[in-house]
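First comes the structure, then the notes that go with it.
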2 protein chains.
Amino acid sequence: MPRSQTTKKPTRIQREKTRAILEAALDVFSDFGFRGSTIDMIAARAGLSKPNILYYFDNKEAIHKTLLAELLQTWLDPLHQIDEAGDPIEEICGYVAQKLKMAREFPRESKLFANEILQGAPHILPEIQGELKELTSLKAKVVKSWIKAGKLADIDPYHLFFSIWATTQHYADFDIQVRSVLGDGSDPFETAGPFLDKMYRTMLRP
Amino acid sequence: MPRSQTTKKPTRIQREKTRAILEAALDVFSDFGFRGSTIDMIAARAGLSKPNILYYFDNKEAIHKTLLAELLQTWLDPLHQIDEAGDPIEEICGYVAQKLKMAREFPRESKLFANEILQGAPHILPEIQGELKELTSLKAKVVKSWIKAGKLADIDPYHLFFSIWATTQHYADFDIQVRSVLGDGSDPFETAGPFLDKMYRTMLRP
DNA sequence: ATATTTTTTGACTATATGGTCAAGTATTGT
DNA sequence: ACAATACTTGACCATATAGTCAAAAAATAT
């Protein structure tokens, strides 16, 4: 009986293999998108046979769903950490730095997410309209209170967040373009960090 | 003899049908990506049969390539228009406004491009490393000269361009996310315009 | 050691999809 | 009107791919 239909505690093999499959699937999905990826590709990358993959996951979509669910939490985490009690500019620049760090360290996750949203979020629209929307609106209120207190320039909190998401994830999602334009040699993230920090400090100063 | 193999001047029907096919293909490719799109989908959207599509284009990839080639020119055009002789801040804010307008009016083109880059630019890497790289480097020099002349704040021209591309195209590419977070009703582009204008004016002021 | 359970896979099916082709239909030029 | 050319398509093929299954192999429990 496959793991996916059991409620028992998973065995060591189950833990290891599901991990290996998800790891391989992240590679493949982030590079080719959902439709462009095949179970065979994932199997090859994981060093398993196709039926073996399907022993651990009901189908291709189940693998994808699992990845997206994990991903969303990682994606939302830095936003959670914005603290109303902290210094406004430091909090937001810290958030920018955190998002950029994530784009650097987890580019596959960023691309997987971008692929999903780009195609109209067919698998995670509910979460986008739920969790993400709620959390963003919560933190937008925090930004608004900072503005009202005169601690930040008067800018639209939502568009502020959009611009942060766009600029930071750009370095992961459009990686090939960024590197092509810069030419090889330098690490885009190295120079992007100071640039974004300066940019947001300038625009946020009241 | 199909159009794709002829050098003669195209007939009226050829012009009309190829247009209809490209129009339908843009719809489909921008929504589902290259691998996620089928010739049948394009045929259905264009109101033609599959063999008829393949009478005008050699294969699926040829349709995609044609779209990308047209697209790249549209994409590069606003960058071309940046004029060294103009007022630096107005030139750059004009560029931002132009890019945002394009994201609004041609979201399908933006998504097609995003899909392509996201998957590693398999079909237009040469153009990215050629035309785009050259033009960007040319305009980066212009920005540098403006900075040297004390007319702009001292920022990295490349990252400036990246941030402009990211923030403007975000509204087309991540459209579903933007609308989900804002909730329905307001037009994201309406409020994004003033936000971005203010943002770039603030950060560019010397 | 043996029984039980879990894991693995070769061989398979069904379907989707890119692409072909020969024969038919419409359009155009004279 | 008629021939030449351009256009269209139903039927088809080859391949790729998601997913199944029964039987073998490996791991685990007793």
Side-chain angles (χ1 to χ4, degrees), chain A residues 1-25 27-29 31-68 115 119 122-123, chain B residues 1-25 27-29 31-68 115 119 122-123:
Chain A
M1 198 192 306
R3 181 195 174 283
S4 48
Q5 290 166 23
T6 308
T7 48
K8 284 185 195 170
K9 169 171 92 129
T11 67
R12 175 188 55 85
I13 291 179
Q14 280 165 3
R15 260 179 289 115
E16 287 175 6
K17 293 288 162 79
T18 37
R19 241 325 106 200
I21 292 168
L22 289 171
E23 174 65 21
D27 264 5
V28 176
F29 283 139
D31 265 5
F32 304 100
F34 181 74
R35 293 288 309 264
S37 304
T38 71
I39 303 182
D40 276 313
M41 285 160 104
I42 298 170
R45 181 63 69 115
L48 300 173
S49 68
K50 179 163 68 165
N52 206 358
I53 299 278
L54 292 164
Y55 171 74
Y56 291 102
F57 290 90
D58 284 343
N59 47 45
K60 186 173 142 184
E61 201 166 331
I63 307 175
H64 194 246
K65 263 207 173 128
T66 307
L67 280 175
L68 279 179
N115 257 309
Q119 319 230 332
H123 304 104
Chain B
M1 199 193 306
R3 182 194 174 281
S4 49
Q5 290 165 22
T6 309
T7 48
K8 284 187 196 170
K9 169 170 92 124
T11 68
R12 175 186 56 85
I13 291 179
Q14 279 165 4
R15 259 179 290 115
E16 287 174 6
K17 293 288 163 79
T18 38
R19 241 324 107 200
I21 293 168
L22 289 171
E23 175 64 21
D27 264 3
V28 176
F29 282 139
D31 264 5
F32 304 100
F34 181 74
R35 293 288 309 266
S37 304
T38 71
I39 303 183
D40 276 313
M41 285 160 106
I42 298 170
R45 180 62 69 115
L48 300 173
S49 68
K50 179 165 68 166
N52 205 356
I53 300 278
L54 292 164
Y55 172 73
Y56 291 101
F57 290 89
D58 284 343
N59 48 45
K60 185 173 142 184
E61 200 167 333
I63 307 176
H64 194 245
K65 263 207 172 127
T66 306
L67 281 174
L68 278 180
N115 257 309
Q119 319 231 330
H123 304 105

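Naming: A, B, ... by sequence-line order, numbering from 1 per chain. All values below come from the heavy atoms of this structure, side chains included, with hydrogens, waters and symmetry mates left out.
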Atom pair distance, as rounded to whole Å: [atom1] in [X] and [atom2] in [N]:
{"X": "B:E16", "N": "C:dA26", "atom1": "CD", "atom2": "P", "value": "17 Å"}
{"X": "B:I53", "N": "D:dT9", "atom1": "CD1", "atom2": "C1'", "value": "13 Å"}
{"X": "B:K17", "N": "C:dA26", "atom1": "NZ", "atom2": "P", "value": "12 Å"}
{"X": "A:N52", "N": "D:dA24", "atom1": "CG", "atom2": "P", "value": "18 Å"}

- Message: Exactly one of B:I42, B:I39, B:T38 should register a side-chain contact (heavy atoms from CB on, under 4.5 Å) with B:V28. Which one does?
- Response: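 Result for side-chain contact (heavy atoms from CB on, under 4.5 Å) with B:V28: B:I42.
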- Indicate for each nucleotide in nucleotides 17-23 of chain D, in 5' to 3' sequence, whether protein heavy atoms under 4.0 Å reach the base (B), only the sugar-phosphate (S), or nothing (-). SBBBB--
- Item | Pairs where residues 32-56 of chain B contributes a residue and the test salt bridge (Lys or Arg N to Asp or Glu O under 4.0 Å) is met, not counting sequence neighbours |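 Counting only pairs at least two positions apart or across chains, the salt bridge (Lys or Arg N to Asp or Glu O under 4.0 Å) contacts touching residues 32-56 of chain B are B:D27-B:R45, B:D40-B:K50.
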- Item | Contact under 4.0 Å: A:Q14 side-chain N or O vs C:dT6 OP1/OP2 |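 For C:dT6, OP1/OP2 do not have a side-chain N/O of A:Q14 under 4.0 Å.
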- So, is B:Y55 close to the D:dC7 phosphate, meaning a side-chain N or O under 4.0 Å from OP1 or OP2?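 Affirmative; the distance criterion is met.
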- Message: Can you tell me how far apart CD1 (A:I21) and OH (A:Y55) are? Round to the nearest 0.5 Å.
- Response: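 Atom-to-atom, A:I21:CD1 and A:Y55:OH are 11.0 Å apart.
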- Start with the C-alpha gap between A:F32 and A:N115, add the side-chain angles, then the distance that decides, and say whether side chain to side chain contact (heavy atoms under 4.5 Å, CB included) holds. CA-CA 9 Å; A:F32 304 100; A:N115 257 309; over 6 Å; no
- Message: Parallel, tilted or perpendicular, judged at 30° and 60°: which one describes the rings of A:H64 and A:F34?
- Response: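 It falls in the tilted class, 30° to 60°.
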- Query: Considering only heavy atoms from C-beta outward, does the side chain of B:I53 approach that of B:I63 to under 4.5 Å?
  - Reply: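 Yes, their side chains come closer than 4.5 Å.
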